[in-house]
Engineer: 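Once you've had a glance at the structure underneath, I'll fire off some questions.
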Amino acid sequence: MRNSLLIAIREWKARVFSRSFIVMSIIGPIVILALTYLLFVFGDNGKQEWNVLITDPAGIMDGKINSHGSSRVTYSFANDYIEHEDFRDGKAYQEFDAMVEINGKVLQNKVSHVFYRSEPSTRMQTTVHYHVERRLEEVMVGQFTDFSIGEYLKIKQELVLGFHNVYDPYDKATDLRGWVGFSYGALIFVFIFLFGMTILRSVAGEKSNRIVEVLLASVSPNQLMSGKIIGIGLAAIIQFLIWCLFIGLGLYFMRENLFPDMLDPQNVVDQELFASAEYNRFVELIYRGIDYGIMVPFFILFFIVGYLFYGALFSGIGATMGTESDGQQFVIPIIFLLGFGLYSGYYVVNYPESDLAIWFYYLPFTSPVAVMIDLAQSDSPGYETFLSLFILIVSAAIFLKIAGRLYKNGILQFGHRVRLRHIIKWLRRS
Amino acid sequence: MLEVRNISKSFYRKEALNDVSFTVGKGEIFGLLGPNGAGKTTMIRVINRIVESDSGSVRINGDLMVNDDLKQIGYLPEERGLYKNMTVEAHAMFLGRLRGLSKADVNTKIDYWFGRFEINDWRKKRIEQLSKGMAQKVQFICTVLHEPKLLILDEPFSGFDPVNVELIKQELIEMKAAGKTIILSSHNMKSVEEICDRVVLIDKAKKVAEGSIAELQEERKAGLYAVKFRGSMIAFVNALWTGFEVVDKDIHGGDKFTVRLKMRNESSFDDLLKVLIGQVKIESAWEVLPSMQDVFIDIVQPRKENEDEK
């Protein structure tokens with residue numbers, strides 16, 4: 001145990017104090033935050049304030065438009081027809097960012113055109129669209145019906161036909177919840193892959209530089225292997241925590257300083273545009289719907305046991321390699337294996353009741369994802385969750401034992417070509 | 001100290017060791033010799049419990065060896081490696097602690113050995129910054145850091161320049177004087193001859209010879225004698241008459257010669273000296289024993305030829 005601990009500490013230090021770890025700890029969150037920032041910015045790019053000219057030669061809008069208190073858009077009206085070339089080049093129109101063309105048939109064909117000088121953000125497009133559409137609806141309601149605008153909007157409102165599972169009438173097991181669980185599972189797999197490859201490279205490196213023989217004179221192959229898996233696993237957890245911390249702080253900073261109105265309905269004038277039903281469901285789900293008291297402990301458990309399971313596989317493969325470059329050819333099947341795990345999550349979200357989904361739930365290769373999805377959708381873990389965890393623990397123990405044999409018999413073999421018959425022989429030998 | 005009994009080991013169909021036995025006494029420097037692929041490294045790995053033998057046993061101080069005994073062993077493998085990104089000091093600390101030393105003990109030993117090898121300046125250097133010879137020194141220090149009672153060194157002189165070979169040799173001789181037992185495997189027969197008390201020679205997985213250096217040389221001596229003298233070569237040859245046969249001679253310039261000769265009939269070394277005294281001025285005379293290089297080739301070469309004929 002002492003030797004495993006010493007090996008684990010060395011591995012941990014070698015990873016955590018390596019340049020690549022430090023770079024990844026900084027670059028990883030920066031990339032994620034940058035992508036998030038870009039998503040926010042590109043969703044709201046272009047000018048923040050628009051001066052819009054509405055050409056309405058037929059006087060349909062009667063020079064009126066309700067900007068619903070928005071200071072982002074300023075409207076002016078022109079009662080004559082303006083060619084878009086004139087708008088583009090005419091000195092009188094240079095102060096306008098866009099021109100909305102209201103033609104005489106707009107009430108019949110519901111087609112209008114906007115000519116802009118620089119492409120507006122989606123948000124700006126939606127705002128102008130909303131304002132113009134509301135004004136035209138007012139005109140149409142006045143011309144063609146006896147309803148008030150309020151009554152018209154009630155009629156116009158789309159029917160929401162909610163489909164509910166009779167066994168889950170409150171929609172706890174929604175796809176959205178499933179995807180949140182999937183994200184947890186995917187996170188487990190991403191870290192397993194990143195640090196599993198580190199195990200493989202570390203074992204292959206020790207074989208190729210021959211330090212392994214010095215180590216084996218003091219420690220058993222099993223101690224060496226378990227120390228390596230534990231040390232690299234601890235480094236994985238540290239990196240994971242650093243990512244969480246940096247990303248959390250970054251998002252908090254962005255919300256407080258760069259996008260103060262992003263999630264605050266008080267600051268969003270056109271809240272009906274942005275606080276859509278889907279968005280509200282998601283926010284509700286993230287902040288109130290998921291029981292983190294259950295999710296997080298099981299996430300940690302499946303993360304650790306799943307890592308041990310796959311870590312054993314990676315170290316066993318590393319021990320069988322004859323040269324360091326052998327690692328390259330093992331990467332593709334391993335990617336397939338992890339890809340299969342992720343696909344199983346996609347399948348479970350979409351076909352939760354299928355027989356295959358139940359298999360995925362218990363299969364150790366896929367259970368970390370499948371169980372995360374199930375936990376996100378259910379109130380509490382059932383006996384199935386514990387059974388799946390138990391199977392994963394037993395499988396990890398078996399894989400560690402098998403990998404230990406490969407390690408013991410294969411670790412001192414250098415320069416050979418990896419053949420299946422060698423691996424089978426190594427597995428047979430105690 | 002160490003008793004190896006009837007060790008056999010095969011890797012699939014290839015026999016690496018076949019019923020090999022030998023004993024290493026306490027305070028001995030014991031040479032494990034053999035051509036490439038003879039099974040020396042496998043034997044060393046068996047002793048270090050890195051590889052399990054198919055049959056046979058290894059005993060330390062009369063008891064069957066157990067894992068805990070590994071703490072008494074310092075092992076320097078032939079294929080040596082170090083973690084390139086670690087500093088010299090961190091590396092020594094890691095390996096010292098793996099061999100059961102406390103942090104404080106390792107620090108004390110590091111101070112002593114780094115001072116002795118004059119490498120205190122390297123402490124904070126990363127291994128990748130060291131030359132091959134420097135790395136070899138670090139590896140040697142890591143091997144002896146925990147003051148093992150039994151040292152097993154596979155090709156300890158490879159990679160060292162002659163100055164450092166002497167340095168390592170002196171260390172080994174001092175360790176022997178301090179009561180340590182040393183097993184070394186080497187192709188450097190000159191060094192083996194100089195420092196080993198006894199050797200075992202393994203060839204094609206089998207033990208083919210064992211004994212002290214003197215015993216092996218005695219067994220394979222060719223009845224050659226050498227005389228170093230000053231005087232006339234003609235007078236020297238005339239004095240020999242029919243009792244001796246000149247094999248070859250070295251001329252050291254002027255009237256100085258060294259002549260190697262064989263005895264004829266019942267002639268003895270005393271007879272040789274008697275006939276020469278008064279004819280030439282004898283500076284020294286001795287019985288020519290084969291070098292360990294000769295012994296090695298003498299044992300291995302015929303076996304190779306037999307094998308080739310088959």
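Every value quoted in this text rests on a predicted model; they were computed, and no experiment measured them. In what follows, chains carry the letters A, B, and so on, assigned in the order in which the sequence lines appear, proteins first and then strands, with residues in each chain numbered from 1.
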Engineer: To the closest 0.5 Å, what do you measure between CZ (B/Arg49) and CG (A/Leu216)?
Structural biologist: 13.0 Å
Engineer: Can you tell me how far CD of A/Gln223 sits from CG of B/Asn67, rounded to the nearest 0.5 angstrom?
Structural biologist: 8.0 Å
Engineer: So do the side chains of A/Lys13 and B/Met86 get within less than 4.5 Å of each other, counting heavy atoms only?
Structural biologist: no
Engineer: Nearest 0.5 Å, what's the CZ-CD1 distance between B/Phe94 and A/Ile9?
Structural biologist: 10.0 Å
Engineer: With rounding to the nearest 0.5 angstrom, report the CG to OH distance, A/Leu215 to B/Tyr75.
Structural biologist: 12.0 Å
Engineer: Give a yes or no on whether the backbone of B/Arg97 and the side-chain of A/Arg2 come within a donor-acceptor separation of less than 3.5 Å.
Structural biologist: yes
Engineer: Should we say atom NZ of B/Lys84 is surrounded by more than 12 heavy atoms from elsewhere, each under 6.0 Å from it?
Structural biologist: no
Engineer: At a 4.5 Å cut-off on heavy atoms, which part of A/Val219 comes close to chain B: side chain, backbone, both, or neither?
Structural biologist: side chain
Engineer: Heavy-atom pairs under 4.5 Å with chain A are the metric here; pick the option from B/Thr143, B/Ile152, B/Leu82 that has the most.
Structural biologist: B/Leu82
Engineer: To the nearest 0.5 Å, tell me how far B/Asn48 CG sits from A/Ser218 OG.
Structural biologist: 8.5 Å
Engineer: Working to the nearest 0.5 angstrom, can you tell me the gap between A/Arg10 CZ and B/Leu95 CG?
Structural biologist: 9.5 Å
Engineer: Which atoms of B/His91 come close to chain A, meaning under 4.5 Å heavy atom to heavy atom: side chain ones, backbone ones, both, or neither?
Structural biologist: side chain
Engineer: Around atom CD of B/Glu118, are there more than 12 heavy atoms of other residues, nucleotides or ligands at under 6.0 Å?
Structural biologist: no
Engineer: Taking all non-hydrogen atoms of both residues, which atom of A/Asn3 and which atom of B/Leu98 are closest, and how far apart?
Structural biologist: OD1-O, 3.5 Å
